[in-house]
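One structure below.
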Amino acid sequence: MNVAIVLVAAAAAALGMILCLAITQNLQVKKISRLNPSICPIDVAAFRNLANPAEDEYLRLRLPPAEFRVVRRERLRAMAAYIQLAAANAVVLVRIGEAALASEDMRIAGAAQQLVDDAILLRRNTTVTLIWIYAALAWPNSGFAAVRVADRYDQVSGTAMLLGRLQNPAVAVRL
């Protein structure tokens with residue numbers, strides 16, 4: 001009976017922690033987007049290297065266990081920083097897409113809708129990935145990778161560049 005009570009209490013505490021993280025992250029991104037509505041560049045290649053499971057396995061084989069855990073936690077913190085930047089960029093891209101939805105050109109409106117949809121999905125994925133990263137910080141030997149967020153970020157960037165080219169074909173757009 002005592003084990004069941006402890007498990008229920010632990011589950012409730014974990015749920016509370018997840019909700020707190022999701023809410024505070026949401027509020028932080030809103031503050032950032034009000035202060036600085038620009039896109040922050042992200043080195044996607046470096047992020048992919050951090051999230052690469054083969055790199056983690058290489059480090060696991062080459063480092064002593066205690067040192068591996070330290071290095072793994074640092075890599076996870078760096079991944080979290082990249083994820084937070086991607087989430088902030090997603091908020092800005094949603095606003096850009098929403099502003100372009102009012103266009104009379106159907107190609108622009110279609111690209112804007114695709115950008116909004118992709119950016120919202122990226123934002124949701126970053127929230128879930130951050131929860132997994134924070135859990136992996138507690139258990140650094142877990143096999144966690146965030147490659148899907150990098151793929152989604154590439155897709156959102158491509159959609160944003162398409163929208164930019166449709167809105168202003170004379171200007172080169174790069175995210």
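Predicted model only: the values in this text are computed from it and were never measured.
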Does a salt bridge link Arg95 with Glu98, judged by any charged N lying under 4.0 Å from a carboxylate O?
no
Smallest heavy-atom separation, Leu50 atom then Ala78 atom, equals CD1-CB, 3.6 Å
Nearest 0.5 Å please: distance from the CZ atom of Arg69 over to the CG atom of Leu137.
13.5 Å
Could you give the distance from CD1 (Ile42) to CZ (Phe47), rounded to the nearest 0.5 Å?
8.5 Å
Arg72 vs Leu59, test: side-chain contact (heavy atoms from CB on, under 4.5 Å). Steps then yes/no.
CA-CA 8 Å; Arg72 175 75 170 141; Leu59 291 171; over 6 Å; no
Write down the atom of Leu85, the atom of Cys40, and the distance for their closest heavy-atom approach.
CD2-CB, 3.7 Å
Could you give the distance from CG (Asn49) to CE (Met79), rounded to the nearest 0.5 Å?
10.0 Å
Starting at CD1 of Ile133, measure out to CZ of Arg73 and round the result to the nearest 0.5 Å.
14.5 Å
Say you draw a straight line from CZ of Arg62 to CD of Glu57; how long is it, rounded to the nearest 0.5 Å?
10.0 Å
ILVMFWY cluster, Val71 and Leu76 together (side-chain gap under 4.5 Å):
no
Hydrophobic cluster membership, with links at side-chain heavy-atom distances under 4.5 Å among I/L/V/M/F/W/Y: are Leu115 and Ile108 in one?
yes
Which heavy atom of Ala86 sits nearest a heavy atom of Thr126, and at what distance?
CB-CG2, 4.2 Å
In this structure, CG of Asn125 is separated from CG of Leu130 (nearest 0.5 Å) by 11.0 Å
In short, Glu67 meets Leu63 closest at the heavy-atom pair OE2-CD2, 3.6 Å
Tell me whether Ile96 shares a hydrophobic cluster with Ile120, the cluster being built from Ile, Leu, Val, Met, Phe, Trp, Tyr side chains joined at under 4.5 Å.
no
Shortest non-hydrogen separation from Asp43 to Tyr82 and the atoms involved:
O-CE2, 3.8 Å
Please tell me whether Val128 and Val94 are part of a single hydrophobic cluster in this structure, the criterion being side-chain heavy atoms less than 4.5 Å apart.
no
Of the non-hydrogen atoms in Ala119 and Leu93, which two are nearest, and what is the gap between them?
CB-CB, 4.1 Å
